[in-house]
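So you know, we letter chains A, B, ... as the sequences are listed, proteins then strands, and number each from 1.
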Number of protein chains: 2
Amino acid sequence: MAEKVTIADVARYANVSRQTVSNVLNSPEVVREETRRRVREAVRVLGYRASQAARQMRTGRSRLIAARIEPAQQDGINGSVFDRFLHGLTESAARAGYRVLLYTADDHDAELATFDDLLGVYVPDAFVLTSTDYGDPRAAWLLEQRIPFVTFGRPWGVPPDQKYPWVDVDGAAGTATATRHLLAAGHRRIAFLGWPEGSGVGDDRRSGWARTLAEAGIGPDELSELDHRTEDGVPEGAAAVTALLAAGRPVTAVVCVSDSLAIGALQAGGDVAVIGFDDTPVARAVGLTSVSQPLGEAAARCVALLTDMLDGDAARRRSHGDAAPPDDDTGAPANTSVNQGAGARGPSRTTTSGDSPAHVLLEPTLVHRRSA
Amino acid sequence: MAEKVTIADVARYANVSRQTVSNVLNSPEVVREETRRRVREAVRVLGYRASQAARQMRTGRSRLIAARIEPAQQDGINGSVFDRFLHGLTESAARAGYRVLLYTADDHDAELATFDDLLGVYVPDAFVLTSTDYGDPRAAWLLEQRIPFVTFGRPWGVPPDQKYPWVDVDGAAGTATATRHLLAAGHRRIAFLGWPEGSGVGDDRRSGWARTLAEAGIGPDELSELDHRTEDGVPEGAAAVTALLAAGRPVTAVVCVSDSLAIGALQAGGDVAVIGFDDTPVARAVGLTSVSQPLGEAAARCVALLTDMLDGDAARRRSHGDAAPPDDDTGAPANTSVNQGAGARGPSRTTTSGDSPAHVLLEPTLVHRRSA
DNA sequence: TTGAAAGCGGTACCAT
DNA sequence: ATGGTACCGCTTTCAA
């Protein structure tokens with residue numbers, strides 16, 4: 001294995017000074033064409049790659065994005081959602097010249113401590129937060145420290161003076177689509193199996209169902225009769241549907257806030273149509289129709305938002321050395337301006353109302369299987 | 001937010017040289033008690049944390065462990081296994097003063113290229129490889145470059161001259177336990193639903209079943225009649241069991257190489273007892289008895305093996321600065337010597353036969369649910 | 001357009 | 001036991 005090739009080696013080989021090499025890498029336009037060629041050739045021949053540590057010492061940028069890896073939560077069924085997001089994040093980050101650094105934390109306090117630790121030692125350039133919800137202190141902390149971050153998830157119940165960029169999937173749109181699908185199939189008695197009130201994500205998903213039924217002429221009374229709340233879990237879902245079926249006017253279909261509840265609903269038997277949320281592996285396994293989040297896209301948008309903050313206007317300078325030989329412009333949708341109008345790019349809305357930070361709301365899709 | 005505190009600030013505050021501060025941090029025993037105290041106090045007051053980048057420049061160690069995050073594979077049911085491992089890895093690594101750096105790669109070639117890239121830029125101190133199997137070129141590459149690494153998974157079909165440390169779970173022991181459980185429950189016709197021959201993991205799991213039935217007096221002919229091979233997947237599992245039930249002498253129980261196949265087996269109905277492998281979320285959701293791998297323990301062992309290589313005999317020096325205030329000795333089982341005899345620590349075997357690298361074989365457990 | 005020199009924040013080596 | 005100094009590899013500033 002070749003010993004470490006430094007910028008000095010390249011300079012020597014190309015008969016230029018170290019600075020010129022650095023310039024070729026970081027500000028090519030300032031170097032004469034022919035010199036540039038010679039240096040690039042030297043880089044290629046020697047297999048030179050800039051040391052991130054050395055670069056970080058000068059620039060202060062680590063090209064690291066920190067993300068928490070969550071333990072398998074609850075029954076683990078919904079865990080795969082986060083994992084798929086994380087995979088997309090790693091992929092998009094790499095395209096943009098960043099790497100993902102993992103950390104764990106059992107609760108918010110531990111996480112803040114980890115932030116502090118990480119920032120003192122590895123100094124990630126940014127954080128990606130997931131599973132944000134009411135009373136989450138993490139965003140405020142990062143905001144105060146002026147550390148760049150994005151959340152995957154809207155700022156539920158966050159004080160209006162706390163503004164930060166986020167990416168999310170429109171849960172209400174998802175359940176609305178699911179409900180319309182059931183209406184179109186002839187169902188009228190369509191229940192909603194949701195979590196107890198107070199969860200941003202859960203309430204949002206409920207609203208799409210409620211709105212759609214209301215539009216279809218279902219009155220408020222019947223609506224609340226069809227609205228069922230329970231903790232997440234397979235047995236909970238089964239119990240809920242059993243109850244729903246035993247009611248005076250039984251339901252014929254159920255829209256669920258999660259695949260866990262939906263699996264339970266399916267197990268309860270009866271002849272109800274069931275639609276879940278998140279399109280987890282279980283859904284496919286048991287043939288459950290489910291609302292699917294575009295997680296890869298969401299991750300890519302998170303990275304795009306971050307690079308917009310981090311690379312600033314220098315973003316176009318292709319500043320991450322030569323690690324990516326093909327000067328592809330086919331990379332991540334990093335150039336998706338945060339100022340684009342609504343719907344400029346597929347089923348999503350990127351907004352920059354006034355001076356508030358950019359955010360992206362993505363549309364989920366319904367994956368049809370035999371359960372509905 | 002306090003501006004960055006450097007070692008010079010600490011030195012000034014404590015009235016010593018930078019070198020002495022460094023010594024207190026890295027070789028405390030060389031500093032006089034009272035000086036040490038003063039420096040430690042300064043560190044505390046100032047909130048000093050050593051910059052990893054600067055340290056890396058001198059020492060060449062990045063305190064980064066690279067691991068690949070895999071995309072949701074196949075039907076994704078087994079994906080959670082890897083994710084749980086990754087979570088454990090992150091946790092154990094943090095305890096040992098390391099962080100996990102993520103990367104992706106679509107195939108072996110891309111992964112080798114990523115190795116090269118990573119080593120040139122972020123320079124991880126070690127790699128953790130998963131899903132190793134026949135013809136996997138990654139280990140050979142890392143071995144040749146003399147990069148420290150561990151695999152989670154035995155070196156299936158690796159040339160005997162390629163030796164490296166690994167951690168694995170004894171799949172055969174798992175299926176043996178499953179099979180014994182079914183035998184004890186009175187079953188005689190116990191089929192095995194496995195993958196096509198040629199997969200190290202799959203063949204290993206099959207062998208545990210075969211061995212146990214043979215010991216119970218089942219002849220070779222009946223054994224091969226009970227041995228069913230198919231691609232992984234829920235529908236495949238259902239089809240296989242349907243076939244098995246239609247046979248002349250139907251089976252009453254099935255041991256499966258994966259939860260995916262087991263779910264299928266369950267769906268096929270009939271009155272067969274089913275046992276899966278990996279105890280994925282789906283298993284819990286549908287009440288499937290399944291063999292569970294001790295993934296957290298496996299991850300901890302991987303980290304222990306790595307730190308043994310990386311920190312060498314300095315391992316005991318608690319050398320990762322002050323990031324971990326509580327000088328806990330309750331941390332990872334990092335002190336589990338690689339030379340301990342068999343079974344010294346719970347249900348696992350750590351071996352160092354001759355001069356071959358250390359490896360650990362962990363015992364899985366059977367999680368009982370209503371499917372068997 | 002190119003080069004020389006300083007300095008980022010640590011650690012290793014050598015003196016004291 | 002403690003301090004001085006060089007140096008890790010890179011980028012930035014300033015001169016040539």
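The salt bridge (Lys or Arg N to Asp or Glu O under 4.0 Å) test applied to B/Arg12 returns B/Asp9, not counting sequence neighbours. Applying the salt bridge (Lys or Arg N to Asp or Glu O under 4.0 Å) rule to A/Arg44 yields the partners A/Glu41; only residues at least two apart in sequence or on another chain are considered. Every residue two or more places apart in sequence or in another chain that forms a side-chain contact (heavy atoms from CB on, under 4.5 Å) with A/Asp116 is listed here: A/Trp141, B/Arg49. Shown here are the side-chain contact (heavy atoms from CB on, under 4.5 Å) partners of B/Asn23, two or more places apart in sequence or in another chain: B/Gln19, B/Val30, B/Val31. Under the ring-ring contact (aromatic ring centres under 6.0 Å, His included) criterion, A/Tyr164 pairs with A/Phe149, not counting sequence neighbours. In this view, A/Arg37 satisfies the salt bridge (Lys or Arg N to Asp or Glu O under 4.0 Å) rule with no residue, not counting sequence neighbours. For the side-chain contact (heavy atoms from CB on, under 4.5 Å) test, residues two or more places apart in sequence or in another chain that qualify with B/Ala298 are B/Phe85, B/Phe152, B/Val167, B/Leu362. Remark: B/Arg68 engages B/Glu70, B/Tyr103, B/Ala105, B/Glu111, B/Arg138 in a side-chain contact (heavy atoms from CB on, under 4.5 Å) (not counting sequence neighbours).
For the pair B/Leu46 CG and C/dG10 P, the computed distance is 12 Å after rounding to whole Å. Residue A/Gln56 contributes atom CD, which lies 14 Å from atom C1' of D/dC8 at whole-angstrom precision. We find that OH of A/Tyr122 is positioned 15 Å from C1' of C/dG10, with the value rounded to whole Å.
Sorted by first and then second residue, the salt bridge (Lys or Arg N to Asp or Glu O under 4.0 Å) pairs with a member in residues 96-107 of chain A read A/Arg99-B/Asp117; sequence neighbours excluded.
For the pair B/Met57 and A/Asn15, both in contact range of DNA chain C, the more 5′-proximal nearest nucleotide belongs to A/Asn15.
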Steps toward side-chain contact (heavy atoms from CB on, under 4.5 Å) verdict (A/Leu64, A/Val123): CA-CA 8 Å; A/Leu64 248 27; A/Val123 204; over 6 Å; no
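Residues of residues 33-42 of chain A that place a heavy atom closer than 4.0 Å to DNA chain C, in numerical order, are A/Thr35.
A side-chain N or O of A/Asn26 and one of A/Ser22 form a donor-acceptor pair less than 3.5 Å apart.
Remark: A/Ser17 is in phosphate contact with C/dG3, judged by side-chain N or O atoms under 4.0 Å from OP1 or OP2.
For the helix from C/dT1-D/dA16 to C/dT16-D/dA1, the axis fitted to the five pairs at one end and the axis fitted to the five pairs at the other end meet at an angle of 40° (nearest 10 degrees).
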Under a 4.0 Å heavy-atom criterion, the protein footprint on nucleotides 11-16 of chain C, written with B, S and -, is BBB---
